[in-house]
There are 2 protein chains.
Amino acid sequence: MDKPAVRPKRTRIQREKRELIGEAALEVFSQHGFRGSTIDQIADAAGMSKPNLLYYFKNKEEIFATLIHRLMETWLAPLREMDAAGDPQTEIRSYIRRKMEMSRDFPRESRLFANEILQGAPRILPLLEGELKELVDEKAAVISAWMREGRLKKSDPHHFIFAIWATTQHYADFDVQVRAVLGGKRSGEGRFEDAARFLEGLFIG
Amino acid sequence: MDKPAVRPKRTRIQREKRELIGEAALEVFSQHGFRGSTIDQIADAAGMSKPNLLYYFKNKEEIFATLIHRLMETWLAPLREMDAAGDPQTEIRSYIRRKMEMSRDFPRESRLFANEILQGAPRILPLLEGELKELVDEKAAVISAWMREGRLKKSDPHHFIFAIWATTQHYADFDVQVRAVLGGKRSGEGRFEDAARFLEGLFIG
DNA sequence: GCAATTTTTGACCGTTTGGACAAACGTTAA
DNA sequence: TTAACGTTTGTCCAAACGGTCAAAAATTGC
């Protein structure tokens with residue numbers, strides 16, 4: 001209905017600059033949230049002037065929307081990879097590993113996403129109710145089958161998936177708290193490894 | 001050092017109005033975050049004019065700080081109640097229940113807290129590194145003892161606690177997503193009950 | 001009833017912010 | 001050389017915002 005009829009043709013510079021702005025915006029937005037970030041901050045982080053930035057994105061909203069929509073793909077990839085034909089334990093373990101790696105390697109993306117959901121998901125609610133729900137329902141069915149076959153401990157598959165999301169993303173979104181509680185000693189980079197091992201035990205063991 | 005030397009004496013009206021403002025501010029802050037909220041919005045929600053509100057709180061920051069510090073008490077209470085002398089299974093189950101009830105009954109508080117942590121906990125970092133860390137270390141030791149005695153499945157007690165936080169708070173903080181994924185049918189109020197049962201099975205079963 | 005005190009408000013101010021715009025600058029190719 | 005096109009910037013504006021202030025209104029204590 002209201003999709004962009006034509007994909008705008010972009011020059012090399014436009015592609016590069018939009019990419020550069022996206023990176024800068026991710027940095028800023030993930031730290032201060034949408035309302036807490038200013039176009040000037042993003043422009044500074046991207047090393048350009050505000051009007052110049054607005055030459056590439058028509059407004060602040062569009063920068064944010066572009067970012068979060070691009071992010072959604074990356075975000076769902078690990079769940080997509082879960083293979084019904086594989087071994088349940090291995091599949092779950094891999095899923096947890098991948099999600100944990102994302103928390104470790106892309107904490108800004110995780111926080112950006114968390115922020116959007118916390119505010120009520122104003123920009124991506126349709127995606128959650130559509131694409132995401134479909135994917136989760138599909139994978140929940142897979143997990144459910146595994147449970148019926150006695151290859152995985154029985155429980156509610158939807159809440160099972162929620163629990164994996166919650167626990168893995170916790171290490172990105174609540175990182176400050178995790179580090180504060182673990183204290184200097186154990187809050188080195190090893191904490192992600194420890195957490196991953198713990199979660200495997202929790203969800204599989 | 002820099003503590004308020006004297007607790008300011010407050011009239012009945014001051015106590016009532018500060019309470020009223022707190023309630024309004026919780027509503028607004030939990031929806032839009034600190035920077036996304038305006039004093040006018042809070043004043044409106046409290047049914048008073050902006051200057052009037054600023055007669056009770058010297059600025060926006062003070063409203064927020066008051067809220068979040070008051071919240072911390074409530075937030076830690078359930079963990080405080082965990083009793084080393086009790087039965088491990090019962091204690092863990094009660095803890096999960098209480099945390100789940102808080103997500104159901106005080107989602108605004110949960111989101112306010114999540115927001116603060118996401119932004120790097122600028123106002124409560126000392127509390128996290130002090131009071132919270134001490135409490136968690138203490139309870140982790142209790143859990144650890146239970147595990148050593150073979151009364152609870154062995155795992156890392158700190159990550160065990162994190163996992164309970166993450167999963168229970170998920171149902172408040174990511175409520176929109178949970179409801180979107182569960183869809184109309186199963187996203188009624190029963191979802192908290194379902195989740196609580198699932199989590200008991202996960203952490204105890 | 002009245003003076004002292006507390007509470008409330010309208011008007012106001014300086015700053016920040018998102019965004020517009022036209023003019024300048026740079027690049028390319030006929 | 002010059003026309004065409006893409007890129008960059010300085011300047012500007014209106015709205016939103018946090019916060020002040022003096023004065024009016026309400027309440028309280030005697």
Side-chain angles (χ1 to χ4, degrees), chain A residues 4 6-68 112 115-116 119 122-123, chain B residues 4 6-68 112 115-116 119 122-123:
Chain A
V6 285
R7 159 94 86 142
K9 282 197 178 162
R10 299 219 167 97
T11 66
R12 175 184 53 87
I13 291 185
Q14 277 169 355
R15 266 179 279 114
E16 286 172 4
K17 289 294 169 78
R18 282 179 64 100
E19 179 58 35
L20 179 70
I21 293 167
E23 162 64 24
L26 176 60
E27 184 69 26
V28 176
F29 279 138
S30 68
Q31 271 179 52
H32 311 288
F34 181 75
R35 282 288 306 268
S37 306
T38 70
I39 300 183
D40 273 311
Q41 280 174 40
I42 300 171
D44 276 359
M48 62 177 71
S49 66
K50 181 167 63 169
N52 196 185
L53 185 152
L54 287 168
Y55 171 71
Y56 293 104
F57 287 88
K58 83 170 194 291
N59 55 32
K60 190 178 162 184
E61 179 64 39
E62 197 195 278
I63 308 174
F64 193 91
T66 303
L67 259 187
I68 199 135
L112 189 78
N115 229 304
E116 168 71 5
Q119 313 297 327
R123 303 156 242 262
Chain B
V6 285
R7 157 94 87 143
K9 282 195 178 161
R10 300 218 167 97
T11 66
R12 175 185 51 87
I13 291 185
Q14 278 168 355
R15 266 180 280 112
E16 287 172 2
K17 289 296 168 82
R18 283 178 63 100
E19 180 57 35
L20 181 69
I21 293 168
E23 163 63 24
L26 175 60
E27 184 69 25
V28 176
F29 279 139
S30 68
Q31 271 180 52
H32 311 288
F34 181 75
R35 283 288 306 269
S37 305
T38 71
I39 301 183
D40 274 309
Q41 281 174 42
I42 300 171
D44 277 358
M48 62 178 69
S49 66
K50 180 168 64 170
N52 195 188
L53 184 151
L54 286 168
Y55 169 74
Y56 293 103
F57 288 88
K58 83 170 193 291
N59 54 31
K60 189 177 160 184
E61 179 63 40
E62 197 194 278
I63 309 173
F64 193 92
T66 302
L67 260 187
I68 200 135
L112 190 77
N115 230 304
E116 169 71 5
Q119 313 298 324
R123 304 156 241 263

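Model, not experiment: these values are computed from the prediction. Each chain gets a letter, A, B and so on, in the order its sequence line appears, and its residues count up from 1.
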*Asks:* Could you grab the distance from atom CD of A/Glu23 to atom CG of A/Leu67, nearest 0.5 Å is fine?
*Replies:*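 With rounding to 0.5 Å, CD (A/Glu23) is 9.5 Å from CG (A/Leu67).
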*Asks:* Testing B/Leu54, B/Asn52, B/Leu53 one by one against B/Lys50 for a side chain to side chain contact (heavy atoms under 4.5 Å, CB included), which residue passes?
*Replies:*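 The single option meeting the side chain to side chain contact (heavy atoms under 4.5 Å, CB included) with B/Lys50 is B/Leu54.
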*Asks:* Please report, rounded to the nearest Å, how far the P atom of C/dT8 is from the CE atom of B/Met48.
*Replies:*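 For the pair B/Met48 CE and C/dT8 P, the rounded distance is 7 Å.
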*Asks:* Looking at A/Gln41, A/Glu116, A/Lys60, which hits side chain to side chain contact (heavy atoms under 4.5 Å, CB included) with A/Phe29?
*Replies:*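 Exactly one pass, corresponding to A/Lys60.
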*Asks:* Does OP1 or OP2 of C/dT9 have a side-chain N or O of B/Ser49 closer than 4.0 Å?
*Replies:*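 True: B/Ser49 side-chain N/O within range (under 4.0 Å) of C/dT9 OP1/OP2.
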*Asks:* Closer than 4.0 Å, any side-chain N/O of B/Gln14 to the OP1 or OP2 of C/dT6?
*Replies:*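 No, outside the criterion.
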*Asks:* So what does A/Leu54 hit on the nucleic acid, given a heavy-atom distance under 4.0 Å: a base, only sugar-phosphate, or nothing?
*Replies:*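 A/Leu54: base contact, heavy atoms under 4.0 Å.
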*Asks:* Which value, rounded to the nearest 0.5 Å, describes the distance between A/Lys58 atom NZ and A/Ile63 atom CD1?
*Replies:*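 Spacing of NZ (A/Lys58) from CD1 (A/Ile63) equals 11.0 Å.
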*Asks:* Pick base, sugar-phosphate or nothing for B/Phe57, based on heavy-atom distances below 4.0 Å to the nucleic acid.
*Replies:*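 Nothing, no heavy atom under 4.0 Å.
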*Asks:* Quickly work out the B/Arg15 CZ to C/dT6 C1' distance and round it to whole Å.
*Replies:*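 The distance from CZ of B/Arg15 to C1' of C/dT6 comes to 14 Å, rounded to the nearest Å.
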*Asks:* To the closest 0.5 Å, what do you measure between OH (A/Tyr56) and CE (A/Met48)?
*Replies:*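 One finds 6.5 Å between OH of A/Tyr56 and CE of A/Met48.
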*Asks:* Please tell me if A/Tyr56 has a side-chain N or O lying less than 4.0 Å from either OP1 or OP2 of D/dT8.
*Replies:*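 So the side chain of A/Tyr56 is within the cut-off, an N or O lying under 4.0 Å from OP1 or OP2 of D/dT8.
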*Asks:* How many angstroms lie between atom CG of B/Leu26 and atom CD1 of B/Ile42, to the nearest 0.5 angstrom?
*Replies:*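 Answer for the CG-CD1 pair, B/Leu26 versus B/Ile42, is 10.0 Å.
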*Asks:* Once you round it to whole Å, what is the distance between C1' of D/dA15 and CG of B/Asp40?
*Replies:*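 The distance from CG of B/Asp40 to C1' of D/dA15 comes to 13 Å, rounded to the nearest Å.
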*Asks:* I need the residues from residues 27-36 of chain A with at least one non-hydrogen atom less than 4.0 Å from DNA chain D; give them sorted by number, or say none.
*Replies:*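 Under 4.0 Å from DNA chain D: A/Arg35.
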*Asks:* What nucleotide among C/dG18, D/dT9, D/dC21 has an atom nearest to a side-chain atom of A/Lys50?
*Replies:*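 For the A/Lys50 side chain, the nearest candidate turns out to be C/dG18.
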*Asks:* Are A/Gln119 and B/Asn115 close enough that some pair of their side-chain heavy atoms sits under 4.5 Å apart?
*Replies:*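 When only atoms from C-beta onward are counted, B/Asn115 and A/Gln119 do touch, with a gap below 4.5 Å.
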*Asks:* In whole angstrom, give the distance that lies between atom OH of A/Tyr55 and atom C1' of C/dA24.
*Replies:*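 So the OH-C1' distance, A/Tyr55 to C/dA24, works out to 14 Å.
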*Asks:* Report yes if at least one side-chain N or O of B/Lys17 is closer than 4.0 Å to OP1 or OP2 of C/dT8; otherwise report no.
*Replies:*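 Yes, within the criterion.
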*Asks:* Within this structure, what is the CG-to-C1' distance between B/Leu20 and C/dT7, rounded to whole angstrom?
*Replies:*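 Rounding to the nearest Å, CG of B/Leu20 and C1' of C/dT7 are 14 Å apart.
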*Asks:* What heavy-atom pair brings A/Phe57 and A/Arg18 nearest, and what distance separates the two atoms?
*Replies:*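 Looking at all heavy atoms of both residues, the closest pair is CE2-NH2, 3.5 Å.
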*Asks:* Whole-Å distance between D/dC17 P and B/Lys60 NZ?
*Replies:*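 Atom NZ in B/Lys60 sits about 9 Å away from atom P in D/dC17.
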*Asks:* So what does A/Asn52 hit on the nucleic acid, given a heavy-atom distance under 4.0 Å: a base, only sugar-phosphate, or nothing?
*Replies:*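 Base, at least one base atom sits under 4.0 Å.
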*Asks:* Which angle, to the nearest 10 degrees, lies between the helix axes at the two ends of the helix from C/dG1-D/dC30 to C/dA30-D/dT1, each defined by five pairs?
*Replies:*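 What I find for the helix from C/dG1-D/dC30 to C/dA30-D/dT1 is an axis angle of 10°.
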*Asks:* Once you round it to whole Å, what is the distance between P of C/dT16 and CG of A/Asp44?
*Replies:*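 Taking CG of A/Asp44 and P of C/dT16, I get 14 Å after rounding.
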*Asks:* Which comes earlier along DNA chain C counting from the 5' end, the contact point of A/Lys58 or that of A/Thr38, where each point is its nearest nucleotide?
*Replies:*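 Result: A/Thr38.
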*Asks:* Once you round it to whole Å, what is the distance between C1' of C/dT17 and CD1 of A/Ile39?
*Replies:*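 In whole Å, C/dT17 C1' lies 8 Å from A/Ile39 CD1.
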*Asks:* What closest approach, in Å, do A/Ser37 and A/Gly33 show between heavy atoms, and which atom pair accounts for it?
*Replies:*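 In this case the closest contact between A/Ser37 and A/Gly33 is OG-O, 2.6 Å.
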*Asks:* Drop me the distance from B/Glu61's CD to B/Thr66's OG1, to the nearest 0.5 angstrom.
*Replies:*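 B/Glu61 atom CD to B/Thr66 atom OG1 measures 9.5 Å (nearest 0.5 Å).
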